[in-house]
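Worksheet: the structure to be examined is printed underneath.
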There are 2 protein chains.
Amino acid sequence: MHAVERGYPKGRIRREDILTAAVAVYGEAGYHGSSLREVAKRAGITHAGLLYYFPTKEALLAAVLERRDAEDAVREQLNAPPGREVLRHWIALAEYNVAHPGIVELYTRLAAEAVAPDHPAHDYFVRHYRIARRSAYESFRVLGDRGELRPGVDPRVAALNYMALSDGLQVQWLTSPDEVDLVGALRQYLDSVLVEPL
Amino acid sequence: MHAVERGYPKGRIRREDILTAAVAVYGEAGYHGSSLREVAKRAGITHAGLLYYFPTKEALLAAVLERRDAEDAVREQLNAPPGREVLRHWIALAEYNVAHPGIVELYTRLAAEAVAPDHPAHDYFVRHYRIARRSAYESFRVLGDRGELRPGVDPRVAALNYMALSDGLQVQWLTSPDEVDLVGALRQYLDSVLVEPL
DNA sequence: CCTACCGATCGGTAGG
DNA sequence: CCTACCGATCGGTAGG
């Protein structure tokens, strides 16, 4: 049983190895384009062995997304309260992402697949985007209350647009890394919305 | 031979039916997730029959993208010279897209798959994005020369950002249509970049 | 354009 | 965790 397996160091390490392999494969081939055999091979076991740890292909995907959320939650705790500091944190995150294309590929590919309502990660992304927008909205709203947003800027729309801009830039950056300055473009967007540049 | 087939009305119509079916299926399942059998079924033939018109799966994809470019080229001819009129045309295009989710799904899914350099549509998207950015850049540059852009706005970055914003909004809109005002968000972006609102 | 077929690959199961 | 297997599905071909 997994509840038991989880408690033993060897099983935990194996699970982590499998998840790490899955992140890489999903990033390269998407979810539907990946096979359990490919993930298993990279983790050094057979695909039947993988199914001992994750009983179905969907269960593996769910575990990948769960782990990612857990990592994000840890980072959130280090977060500053809503305001300018949060925007600087976003830029730092973008810089981190540019140095880790694999994670960016995973999310870009999965998010596009998961627009289909019957995709196993669909509900995850509905929630993911909702939470991201709300969190960004709170920072922009605080800045607006302080008069730090340019007139005409709706904090709700600015929040949606920052998230969307970030996603869209990632697609073009992954497609043509040399032609797109991801971090610079995000900076200019924030500056175009703020009274005082970051 | 296709060069001949293309000349006969019946063959041309069949080809068009297959391409229309392919657009729908690619939008729902992506390219790698689609089967020739599914496309053929929707076109009312067998998958072997489809392969009589398009000899491989890749050839079908190439034809889908070719047709799309041909349609775009027709629209471009109706285009105004670079300037404010072009920005209004973009908004009109976004309104059209909101009424035709299938086309949006096709592009969103294919673009994400095609970030992989060995994807058969990779080169297409490299060119597609490059051309789109250049075209948008020319409009923003003209506006900048006329003093219609806010200070600090780089027309090159504004062009990149508009395209990226549009793509990113489409993902969130496809995921949660009721929670995202695609056209409104694009309008606010353009207004945030212009001295005088659109 | 179809019927009939091929080899390859897929997710999942049995049984140890 | 593995070996061995299952039924289903894939892109593509032969031959008409």
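In what follows, every chain begins at residue 1, and chains take the letters A, B, ... in the order their sequences are listed. Quick caveat, the model's predicted, so the values are computed rather than measured.
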Counting primed atoms, P, OP1 and OP2 as sugar-phosphate and everything else as base, the B/S/- map of nucleotides 10-16 of chain C against protein heavy atoms under 4.0 Å is BBBB---
Name each donor-acceptor pair under 3.5 Å that joins a side chain in residues 86-103 of chain B to protein atoms two or more places apart or in another chain, with its distance.
unit_1   : atom_1 : unit_2  : atom_2 : d
B:Arg88  : NH1    : B:Glu85 : OE2    : 2.7
B:His89  : NE2    : B:Asn79 : OD1    : 3.4
B:His100 : ND1    : B:Tyr96 : O      : 2.8

Would you kindly check if the NZ (Lys) or CZ (Arg) of B:Arg156 is within the cone defined by 45 degrees around the ring axis of B:Tyr137 and under 6.0 Å from the six-membered ring centre?
yes
List the atom pairs, donor and acceptor, that lie under 3.5 Å between side-chain atoms in residues 159-172 of chain A and the rest of the protein, sequence neighbours left out.
unit_1   : atom_1 : unit_2   : atom_2 : d
A:Asn161 : ND2    : B:Ala185 : O      : 3.2
A:Asp167 : OD2    : A:Tyr129 : OH     : 3.2
A:Gln172 : OE1    : B:Arg133 : NE     : 2.8
A:Gln172 : OE1    : B:Arg133 : NH2    : 3.4

Please evaluate residues B:Glu38 and B:Arg42 with respect to the criterion salt bridge (Lys or Arg N to Asp or Glu O under 4.0 Å), reporting the C-alpha separation (whole Å), side-chain torsions for both, the decisive distance (0.1 Å), and the verdict.
CA-CA 6 Å; B:Glu38 177 61 26; B:Arg42 296 207 200 182; 2.9 Å; yes
Applying salt bridge (charged side-chain N to carboxylate O under 4.0 Å, His left out), which residue pairs with at least one partner in residues 53-62 of chain A are found, sequence neighbours left out?
none
Any non-hydrogen side-chain atom of A:Arg67 less than 4.5 Å from a side-chain atom of A:Thr20?
yes
List DNA chain C stems (3 or more consecutive Watson-Crick/G-U pairs, under 3.5 Å)?
C:1-16 with D:1-16
Between side-chain atoms of residues 115-123 of chain A and protein atoms elsewhere (two or more places apart, or another chain), which donor-acceptor pairs fall under 3.5 Å?
unit_1   : atom_1 : unit_2   : atom_2 : d
A:His119 : ND1    : A:Ala121 : N      : 2.9
A:His119 : NE2    : A:Glu113 : OE1    : 2.8
A:His122 : ND1    : A:Ala114 : O      : 2.7
A:His122 : ND1    : A:Ala116 : O      : 3.4

